Participant: 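Just dropping this structure here.
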Amino acid sequence: KPPKSIYLSLLKGEYIALQSFIVLKKFAAAGFDVDFSTCEDTEYELRLARETKFELIDKPVVNIRRHTGNTAGDDFIRNRIKLYKKELDYLNRNREFPSNIDNSYARAICNYHIGNSYYARGETLTALKHYFSAQQCSLKIFSEQHFLLQVVKTITPKYLRKKLKN
């Protein structure tokens, strides 16, 4: 059964293999945003989810081969930050969108992912800034267990985390 909101599922990071899409010609014309060297498929899927309805084919339609070279480290993180900032900007300009979910929650999810990306780059203070922005957008973000775990992980010094693991 498809989720209530494909847009929200994509925003949360749930992946839909682009190879499994069948897109109407009028939507296919938009194509990938050439400003992205990675994450362009996710950016395209988010734009599609804003503009059209998705239907589910409840059977496997594609096989995906995963390998260690699927993404390019820092370039991927930089484009992920860019992707979620672009989506956050869209949500800030269109407070009524999406009509079937809480816009403030969607903005909180964007800030959370931006924070995670900065954390992956070792920019802890910038990550915390975005985590706090997420909770200011919507307290509903606290219902996501991984949000609290990530905030605690970010504010706990590395040496202490190592001690706690032992």
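A quick note: this is a predicted structure, and the numbers were derived from the prediction, not measured. What you see below is based on every heavy atom in this structure, not just the backbone, and it leaves out hydrogens, waters and symmetry mates.
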Participant: Considering non-hydrogen atoms only, spot the tightest contact between C110 and E87 and give its length.
Facilitator: SG-CB, 3.9 Å

Participant: Minimum heavy-atom separation for T154 and Q150, please, with both atom names.
Facilitator: OG1-O, 2.7 Å

Participant: With the side chain counted from C-beta on, respond yes when Y7 and R50 share a heavy-atom pair under 4.5 Å apart, and no when they do not.
Facilitator: yes

Participant: Between I114 and Y84, what is the shortest heavy-atom contact and its length?
Facilitator: CG1-CB, 3.5 Å

Participant: Apply side chain to side chain contact (heavy atoms under 4.5 Å, CB included) to I109 and L8, showing your working.
Facilitator: CA-CA 9 Å; I109 291 169; L8 187 58; 3.3 Å; yes

Participant: For the backbone of S133 and the side chain of R107, can you confirm whether one donor and one acceptor N or O come within less than 3.5 Å of each other?
Facilitator: no

Participant: About how many Å separate OG of S104 and CD of Q136, when rounded to the nearest 0.5 Å?
Facilitator: 12.5 Å

Participant: Kindly give the heavy-atom pair with the smallest separation between L91 and N103, and that separation in Å.
Facilitator: O-ND2, 3.4 Å

Participant: Using atom types as modelled and distance alone, determine if a side-chain donor or acceptor of Y112 lies under 3.5 Å from a backbone N or O of Q135.
Facilitator: no

Participant: Tell me the closest heavy-atom pair linking N116 and Y131, and the distance in Å.
Facilitator: OD1-OH, 2.6 Å

Participant: Can you tell whether the side chains of K86 and D35 come within less than 4.0 Å, N to carboxylate O?
Facilitator: no

Participant: Distance from K140 atom NZ to F147 atom CZ, nearest 0.5 Å?
Facilitator: 14.0 Å

Participant: Which heavy atom of I77 sits nearest a heavy atom of S117, and at what distance?
Facilitator: CG2-O, 3.4 Å

Participant: Taking D89 for its side chain and K85 for its backbone only, find out whether a donor-acceptor pair lies under 3.5 Å.
Facilitator: no

Participant: Identify every side-chain donor-acceptor pair in residues 122-130 under 3.5 Å, counting partners at least two apart or on other chains, and give the distances.
Facilitator:
residue : atom : partner : partner atom : Å
E123    : OE2  : R121    : NE           : 3.2
E123    : OE2  : R121    : NH2          : 3.1
H130    : ND1  : N111    : OD1          : 3.2

Participant: Hey, could you give me the CZ/CD1 distance between F76 and I81, rounded to the nearest 0.5 Å?
Facilitator: 10.5 Å

Participant: Taking atom NZ of K82 and atom OG of S37, what is their separation to the nearest 0.5 Å?
Facilitator: 7.0 Å

Participant: If you round to the nearest 0.5 Å, how far is OG1 of T38 from CG of D75?
Facilitator: 4.5 Å

Participant: Carefully, step by step, assess L11 and L46 under the rule side chain to side chain contact (heavy atoms under 4.5 Å, CB included).
Facilitator: CA-CA 7 Å; L11 205 57; L46 284 165; 4.1 Å; yes

